[in-house]
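In listed order, ligands and their atoms are each counted from 1.
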Amino acid sequence: MEFQTPGTSLLDWSGDGLVLGFFQGDQQLSGPLSTLDEKILGGTLAEVIAETEFEGKPGSSTTARVGSKSPIHKLVLVGLGERDKATLDTLRRGAAVGIRLAKQNRCKQVGVAFPLFNDDAALTTQALVEGITLALHQDVRFKSETNGEAKPPERIDLLEVGSQPEAITKAKGICEGVILARELVAAPANLVTPITLAETAQQIAQDYGLELEILEREDCEKLGMGAFLGVAQASELPPKFIHLTYKPVGEPRRKLAIIGKGLTFDSGGLNIKGAGSGIEMMKTDMGGSAAALGSAKAVGQLKPDVEVHFVVAATENMISGHAMHPGDILTASNGKTIEVNNTDAEGRLTLADALVFTEKLGVDAIVDLATLTGACVIALGDDIAGLWSPNDEIAEQFDKASSVSGEKFWRMPLEEKYWDGMKSGVADFKNTGPRPGGAITAALFLKQFVKETPWVHLDIAGPVWADKESGYNNTGATGFGVRTLVNWVTS
Ligand code: BES
Ligand code: MN
Ligand code: ZN
């Protein structure tokens, strides 16, 4: 599939399918669309709009065959809702709806003409390419047969945006990162392991010239990473502590770090996950690391003037004769002692040592992403990630990045009073508190391992996976986080 911005006007375009985006109330044709309808389509567009009572409502669409004698064979109309409420994501989603219909209608050459967001043709182009690429991505790696699916379009011309080669390149780099993240999350735990995550990091390092350091179990022992290694100790697979670094040519404008929770499977440990706990979905517990590695792949291609460290403490949380016992006391690499009152609160233990390691790198800001708590899913549902930060400035940076990426975050409180629930009689603190406010106490736990670097914690347990297709997300892994992270790094 190839994207182009041919720079030709709508009137000169020909192909199988033309996808048009409409705001609500814009069904009275004006500007280039009215000329197109008059000169090329002989009034068909206005007729289709009237006959199908198309009003541009959000999520609405209409398809019509114009005929093979016309330079444009088929029309796909997509409703974008009210102009005043539109965001960049409105266009991204609209493009996804339109391209799915064009594909179903077997269109090979597709033209796309949408209204611009804030008169910004570059941002609009980027959003359209993202929406289309992500909607068309299908993961058939584990199917022995793919039956009768329509093939994706071969050529996509973005019209009425001028020439936008840079926006296309940027969107493609970001989408490659999102797709890598989706594929890592979707693959089961027998195929994505701490070893293969390290290999994926190695491949990114090789392809885009990043530096890579892998700490083996002994290296982690020397650094005193007792919390991470406690989680890793029952697995037959070796833990891998991955540190991938992107350095720009010349002095970096900022130094940033992205940490991702990398539990390639979370059985719960001896506090094993029971029936109805969703244990069969716990291959997704490396969604944070998938977002980190996906961002690394995008950043490696986009080459911003910012240094970025990607850190993953990768392991499984398993059971065996040498598993952590509930009640064990672990010492993290900052010297803090932790009473493990629940072995299923393992993510925060791995992140503790990852945070301590990362702060020593002397970066300007740290973000961690983790499928950390079921409590966050209860609080915010499947579409919204929780965001915690003691630092308003960095929280605002994420707010801005999210408004461009379309990924949703909601800032949650670091309520110090709830720390009372984490007090331990024998160690410095426990790894779990009472059920109420469980996503907040998890965030407070992580905060113990960051001294002074501006830090933001993102709990992505909900949006890492989609139970059904919506907009540019297909059923399954979403690749959540990559688009926001890349926007944050490059802004
Ligand atoms: N990986 C899970 C969190 C999770 C739950 C992610 C559901 C996605 C969907 C995490 O390691 C976990 O087990 N958390 C426990 C914490 C509890 C023991 C305090 C939870 O949320 O139940
Ligand atoms: Mn767990
Ligand atoms: Zn987990």
Side-chain angles (χ1 to χ4, degrees), residues 185-186 189 192 194 197 227-228 230-235 239 259-291 312-319 323-328 330 338-354 368-386 388 412 418-419 421-422 424 429-446 457-467 476-478 480-481:
V185 171
V192 165
L197 277 185
F228 170 46
V231 175
Q233 76 194 32
S235 174
I259 302 176
K261 172 174 169 180
L263 266 290
T264 59
F265 188 72
D266 177 12
S267 72
L270 284 175
N271 291 101
I272 193 163
K273 288 181 183 291
S277 63
I279 189 171
E280 72 286 355
M281 286 306 296
M282 282 303 133
K283 66 174 184 180
T284 66
D285 214 16
M286 33 59 70
S289 67
V312 179
T315 183
E316 302 179 304
N317 185 21
M318 298 297 281
I319 48 177
M324 265 194 303
H325 317 88
D328 278 2
L330 304 176
I338 306 157
E339 180 190 358
V340 181
N341 60 333
N342 192 323
T343 61
D344 198 9
E346 84 299 334
R348 61 196 76 181
L349 296 170
T350 65
L351 291 169
D353 284 324
D368 78 75
L369 296 94
T371 48
L372 201 63
T373 64
C376 194
V377 189
I378 299 298
L380 298 175
D382 284 336
D383 289 349
I384 306 172
W388 285 260
M412 304 277 277
Y418 294 171
W419 185 245
M422 301 290 279
S424 163
F429 41 81
K430 300 188 289 192
N431 73 330
T432 54
R435 258 163 68 87
I440 297 175
T441 45
L444 288 171
F445 180 94
L446 298 181
H457 159 56
L458 306 175
D459 193 331
I460 62 167
V464 72
W465 190 265
D467 288 330
T478 57
F480 188 90

Output a table of donor-acceptor pairs, distance under 3.5 Å, between side-chain atoms of residues 373-385 and any protein atom two or more places apart or on a different chain; print 'none' if there are none.
| unit_1 | atom_1 | unit_2 | atom_2 | d |
| --- | --- | --- | --- | --- |
| T373 | OG1 | C376 | N | 3.1 |
| T373 | OG1 | D459 | OD2 | 2.8 |

Would you say the side-chain atoms of [X] pair up with the backbone N or O of [Y], donor to acceptor, closer than 3.5 Å?
X	Y	answer
N431	N342	yes
T350	A313	no
N317	T343	yes
T284	M281	yes
D285	L263	no
T371	I460	no

- Item | Evaluation steps, side chain to side chain contact (heavy atoms under 4.5 Å, CB included), between T264 and K283 | CA-CA 6 Å; T264 59; K283 66 174 184 180; over 6 Å; no
- Message: Just to be careful: counting only protein atoms that are N, O or S, how many fall under 2.8 Å of the Zn ion (ligand 3)?
- Response: 4
- Query: How about the Mn ion (ligand 2), which protein N, O or S atoms come within less than 2.8 Å?
  - Reply: D266 OD2, D344 O, D344 OD1, E346 OE1
- Going through the distances and angles, do T432 and T441 end up as a side chain to side chain contact (heavy atoms under 4.5 Å, CB included)? CA-CA 7 Å; T432 54; T441 45; over 6 Å; no
- Message: Does F429, at its CZ atom, have more than 12 non-hydrogen atoms belonging to other residues, nucleotides or ligands within less than 6.0 Å?
- Response: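 For F429, atom CZ is crowded (more than 12 foreign heavy atoms under 6.0 Å).
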- Query: So, K261 and E346, do they make that salt bridge, N to O below 4.0 Å?
  - Reply: yes
- Message: Just to be sure I understand the cut-off, which residues have at least one non-hydrogen atom under 4.0 angstrom from an atom of ligand 1?
- Response: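 Near ligand 1, by chain and number: K261, D266, K273, M282, D285, N342, D344, E346, R348, T371, L372, T373, G374, T432, A461.
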- Query: How are the rings of F445 and W419 set to each other: parallel, tilted or perpendicular (split at 30° and 60°)?
  - Reply: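 Plane angle between 30° and 60°, so tilted.
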- Would you sort out whether V231 and M324 count as a side chain to side chain contact (heavy atoms under 4.5 Å, CB included), showing the intermediate values? CA-CA 7 Å; V231 175; M324 265 194 303; 4.2 Å; yes
